[in-house]
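To start, the structure under review is shown below, and the notes come after it.
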Amino acid sequence: VTPENGPEMSDATRVLRRVFGYDSFRDGQQEIIEHVVAGGDALVLMPTGGGKSLCYQIPALVRKGVGVVVSPLIALMQDQVDALTALGVRAGFLNSTQEFEERRQVESAFLSGELDLLYLAPERLRLDATLRLLDSGVVSLFAIDEAHCVAQWGHDFRPDYLALSALHERWPDVPRVALTATATPATHAEIAARLNLQDARHFVAGFDRPNIQYRIAPKNEPRRQLLELIRTEHPGDAGIVYCLSRSSVEKIAEFLTGNGVRALPYHAGLDARTRAENQARFLREDGLVMVATIAFGMGIDKPDVRFVAHLDLPKSVEGYYQETGRAGRDGLPSTAWLAYGLQDVVQQRKMIDTSEGDETHRRRLAGHLDAMLELCETVECRRVRLLAYFGQRGEPCGNCDTCLSPAQSWDATVPAQKVLSTVFRLMRERRQKFGAGQIVDILLGRKTAKVIQFDHDALTVFGVGTELGEAEWRGVVRQLLVQGLLAVEGDYGTLVLTDASAEVLGRRRQVLMRREPERPARAAKAARQ
Ligand code: ADP
Ligand code: ZN
């Protein structure tokens, strides 16, 4: 006998079963829900797919009045409301996409207590009319979704979120729950401070997503590598491929389509209709691959995304974690694969140097990038590093590329000296600066047109690097950049020495580097079978 109405079952559990049709709560949900039902404020940190929505939906149903949900995801409000309506929950939304009449109907439903949940775009709360509307009804709680949007230096900052600190002053008795999947302890503190949530209880769910296999591969021929990943490990699976620019999104989508993979593009440059259509198809159809910029994904709830591939380096670990977290929400084995190379480092360093904003801002961006680079270059378990970034501890997971085919570090002091000395000679003897391509050509002793044009075959370092191949040399340059032993300068990505370079050139410093395992993809696949 299931104790459907037994006295030992809480209101929350009853709603979970009756309305949402789930048997039990997931980790963390029940505690949060009970705290909010009892009127407490909460700051909820839970990974994407962890089940944050129920943490405010159930309290809104249990408490008297209407739960007001602030969400930046205007494009998804209709879907969210439709999904709730299908479950018999009375929900509505107010945002700028609506006609006057539609808005009026939602407002009158709110006032007459015929709503359980009301979704609002944050800019609505800047309008006096909205504040007066909320005053005239009964609000059971405020849920602030995607709360990291209040973090000023975060990648999703929305100025409208700053106004949300006023909710507490105007409605001191209404509990507030702020939710996010993105939070280092620092962002975490910023959210609490900016939203006036000093007294809120913090709920931090485990950030580990054990079913996701994290892999970071050296980028050689990204298209071929991507195609091989899809063909050998994920044929016919739904997946997301992230690219940095709109034009690479278009090109990769075309490339995949041309190679028999059903793929769609998504970026902010497409018109709203195409975007909405592609998104709807991705959600509805099986086995589609979405090639997208980071404009795609926030709030997308598709449980069976089997892989997330990054063809360009994400700007921060938080972004990486959030994007990869869209894989495997159903808990089944999934892949997070990132291809990463020298050009990524050069490009991102350049972007930071030329970015708007003051020195503090640039330093912060550089800090985000460095943390991401550390994750890429680590010889430790990726998951351990990832969790450590979020202030959590983990054991080597056995399900990431470094666990499956342990990366070794090697003594790269001599190759490092060769690269640095080439840069040094060009700067000193020729008053010239060049990018990585030319440095590698000189080391390999290649008489390219550009080498001959600049008479670089006369340098003493010409041809001293035949012990390594081109890809390996590029790897050495990349790791020198990551370790701060070389720097990028100017618009052309030319390489220059740093203060630390002298220590290596002067043989006072040893340089250790990560040796790339031969074929991480194969090894990982074999281990899974
Ligand atoms: P988040 O907002 O944290 O990314 P969602 O709230 O969208 O995650 O939940 C992710 C998925 O998990 C949804 O499909 C949701 O219905 C499902 N889910 C949430 N809680 C439970 C539960 N207790 N039992 C089963 N499924 C759940
Ligand atoms: Zn691992």
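Position 1 is the first residue of the sequence; numbering continues from there. Whatever order the structure lists them in is the order used to number ligands and atoms, beginning at 1.
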Is it the case that Thr180 and Glu146 place a side-chain donor and acceptor less than 3.5 Å from each other? no
I need the SG(Cys400)-the Zn ion (ligand 2)-SG(Cys397) angle, rounded to 10 degrees. 110°
Considering only the protein, which heavy-atom contact is closest to [atom], and what is its distance?
atom	answer
atom 6 (O) of ligand 1	Ser53 OG, 2.6 Å
atom 17 (C) of ligand 1	Arg26 NH2, 3.5 Å
atom 20 (N) of ligand 1	Gln29 NE2, 2.9 Å
atom 16 (O) of ligand 1	Tyr22 OH, 2.4 Å
atom 9 (O) of ligand 1	Gly51 CA, 3.5 Å
atom 14 (O) of ligand 1	Asp301 OD2, 3.3 Å
atom 10 (C) of ligand 1	Gly49 O, 3.6 Å

Phe157 and His148 aromatic centres sub-6.0 Å: no
Which ligand 1 atoms, with their elements, are less than 4.0 angstrom from a heavy-atom of Phe25? 23 (N)
With a 4.0 Å heavy-atom cut-off (strictly under), which part of Pro47 contacts ligand 1: side chain, backbone, both or neither? backbone
Heavy-atom distances under 4.0 Å decide this one: backbone, side chain, both or neither, for Met46 against ligand 1? neither
Name of the residue among Arg385, Arg514, Arg382 meeting salt bridge (charged side-chain N to carboxylate O under 4.0 Å, His left out) with Glu374: Arg385
Short N-O contact, Lys219 and Asp312, less than 4.0 angstrom: yes
Verify ring pair (Phe, Tyr, Trp, His ring centres under 6.0 Å) between Phe142 and His168, making sure each step is shown before the conclusion. CA-CA 10 Å; Phe142 287 106; His168 181 55; over 10 Å; no
Evaluate the ring planes of Phe282 and Phe296, with Trp represented by its six-membered ring, and classify them as parallel (under 30°), tilted (30 to 60°) or perpendicular (over 60°). perpendicular
Check the angle between the aromatic planes of Tyr119 and Tyr56 and answer parallel, tilted or perpendicular using the 30° and 60° thresholds. perpendicular
How about CD on Glu395, more than 12 heavy atoms from neighbouring residues, nucleotides or ligands closer than 6.0 Å, or not? no
Assess Ser24 for proximity to ligand 1: is some non-hydrogen atom of it under 4.0 Å away? yes
